[in-house]
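Here the structure comes first, spelled out in structure tokens, and everything after it is commentary.
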Amino acid sequence: MIDGRAGVSGRRDADEALLDSPEALAEHDPGGMLRHTASAGAQVRETAALAAEANLAVLADDGRPRAVVIAGIGTAGRTGDVLATVAGPRCPVPVIAHRSAGVPGWVGAADVVIAVSASGRSPEALGAAEAAHRRGARLVAVGAPDSQLQSVAERARAPFIPVPRRAPARASLWALTVPVLLAARSLGLVKVNEADLAETAARLDADADRCRSTAESFVNPAKSLALGLAGSVPIVWGSSPLATVAARRFGDTLSANARYPVVTGALGEAGRGRVGLLDGVFGGLAEGERDIFADPAEDDGEGTRLRLVLLRDGGLNAEDDTDEPLAVEERRADAVQTLAERRGVRCDVVTAEGGSALERLASLIAVPDFASIYLALAHGLDPMAVPAITEMKELSNQ
């Protein structure tokens, strides 16, 4: 057990039995991260209704923008990646996720800035909203009600979508994403209808039920994935642009919730170099030297190995004129799975399901979100309280 001055506590080795005890899970999750994550479907419904009350139709009055900038940090910034991938390669204007203060130098009256902050006070979102107002760009703001961000939006006479803050930002992805998508729909940039939102919410509800704390590990896909990752160095690759967004999201939650180092990215990029990790000291070399008769319980940490998680998206829009045709993505995913198998690197596969891009993305995000929490709990970590984040804020504010 570790117990330091900074409030760091937990155990190096995962406790598999803990995951099958709902009482123990509740005890180790005092902030309710499992409950907050299970609310994803409700988040979609609630914020869709809130966005409908924000009169986003006024965004269309000045016509199609030259470009759309989504400004935010962390989970708020990830909403820009979601918009870009759901809009797809046929989006008529550039969609840019901007993760630093202010806005790009070229932003002006012809552009739209969507400032996103769960708290409504992040410097990145506030700086972007202020800069957009000064430059005459159209502004949309998404964040906590009665916040600084709402004040900026009101001064700019810009639409503001209030998102009640009921959970940490990383458990509020869907609450922040839906208003961004609906703002983009008002601008004519993305096709997301009410049926898509309803099906996405239903998908998230169904996955939350499959991943509930009372479901035992052998039937709970999130617990199974967490146990497979325990003690490893995870590599998470997405087979398509949509799956890559989900892969990077899994990297976010593995780092913040479970405190695991993780490599994430697109399978296409991996094939240009990073796939070599499968041959390295944590991959094929480690597996080749492993004693198959050794007791895993006696592993002293020197046997840390890679664990590959492949997020596969068969795709729905094969008629789209994309640079990476569906067949190429599928062959590449098959090839990586074969490479991992040949080197003894274990591989977990999560396959997208659903009738729209948004629902398919949700199907790739939901189970990994829960898995990151179960992995934290198996190590005795509180997935909500991250002492290093608190300390970093304190040190930075000094």
Side-chain angles (χ1 to χ4, degrees), residues 10-16 217 221-313 324 328-352 364-365 367-369 371-372 374-376 378-379 381:
R11 62 180 68 87
R12 190 182 187 283
D13 298 319
D15 181 356
E16 182 174 347
S217 298
K223 289 182 180 180
S224 298
L225 180 56
L227 291 173
L229 291 173
S232 73
V233 178
I235 298 180
V236 188
W237 286 329
S239 68
S240 69
L242 184 145
T244 298
V245 172
R248 292 185 170 132
R249 162 68 178 181
F250 195 18
D252 295 342
T253 57
L254 278 174
S255 297
N257 293 334
R259 283 66 136 178
Y260 263 56
V262 58
V263 177
T264 67
L267 205 51
E269 296 169 351
R272 303 301 187 270
R274 287 191 176 186
V275 74
L277 289 167
L278 299 178
D279 292 334
V281 295
F282 298 107
L285 288 180
E287 295 297 333
E289 297 174 356
R290 182 175 61 172
D291 180 357
I292 61 173
F293 299 107
D295 184 355
E298 296 178 0
D299 191 343
D300 60 2
E302 294 182 0
T304 302
R305 294 174 176 83
L306 298 180
R307 183 82 176 206
L308 177 61
V309 180
L310 189 56
L311 305 184
R312 298 192 62 159
D313 172 29
E324 295 290 348
V328 174
E329 292 176 354
E330 289 297 289
R331 287 198 302 270
R332 186 182 290 134
D334 288 338
V336 168
Q337 284 186 250
T338 300
L339 286 173
E341 181 180 349
R342 288 176 178 175
R343 285 153 178 77
V345 176
R346 290 173 182 157
C347 178
D348 297 285
V349 180
V350 181
T351 303
L364 291 175
I365 287 177
V367 171
D369 269 6
S372 71
Y374 284 125
L375 185 55
H379 283 286
L381 297 167

Please confirm whether the backbone N or O of [Y] pairs with a side-chain atom of [X], one donor and one acceptor, at under 3.5 Å?
X      : Y      : value
Arg331 : Glu329 : no
Ser255 : Asp252 : no
Arg11  : Ala378 : yes

Practice task
Determine whether more than 12 heavy atoms belonging to other residues, nucleotides or ligands lie under 6.0 Å from atom CZ of Arg259.
Solution key: yes
Taking distance alone, no hydrogens or angles, what donor-acceptor pairs closer than 3.5 Å link side-chain atoms of residues 260-271 to residues at least two apart or in another chain?
residue: Tyr260; atom: OH; partner: Gly231; partner atom: N; Å: 2.7
residue: Tyr260; atom: OH; partner: His379; partner atom: NE2; Å: 2.7

Would you say the side chain of [Y] lies within less than 4.5 Å of the side chain of [X], judging by non-hydrogen atoms?
X      : Y      : result
Leu278 : Arg342 : no
Gln337 : Leu310 : yes
Arg307 : Asp348 : yes
Asp279 : Leu285 : no
Phe282 : Arg305 : no
Leu311 : Val309 : yes

Fill in the blank from the handout: Contacts of Asp334 meeting side-chain hydrogen bond (donor to acceptor under 3.5 Å, both in side chains) (sequence neighbours excluded), chain-then-number -> Arg312
Shortest non-hydrogen contact from [X] to [Y]?
X      : Y      : answer
Ile235 : Leu277 : CD1-CD1, 3.7 Å
Pro368 : Leu225 : CA-CD2, 4.3 Å
Ala376 : Asn257 : CB-O, 3.1 Å

Exercise for the section: Enumerate the residue pairs fulfilling side chain to side chain donor-acceptor pair (under 3.5 Å) with a member in residues 232-247, sequence neighbours excluded, ordered by first and then second residue. Expected result: Ser240-Asp313
Practice task
Could you tell me the separation between the CG atom of Leu375 and the CG atom of Leu227, rounded to the nearest 0.5 Å?
Solution key: 8.5 Å
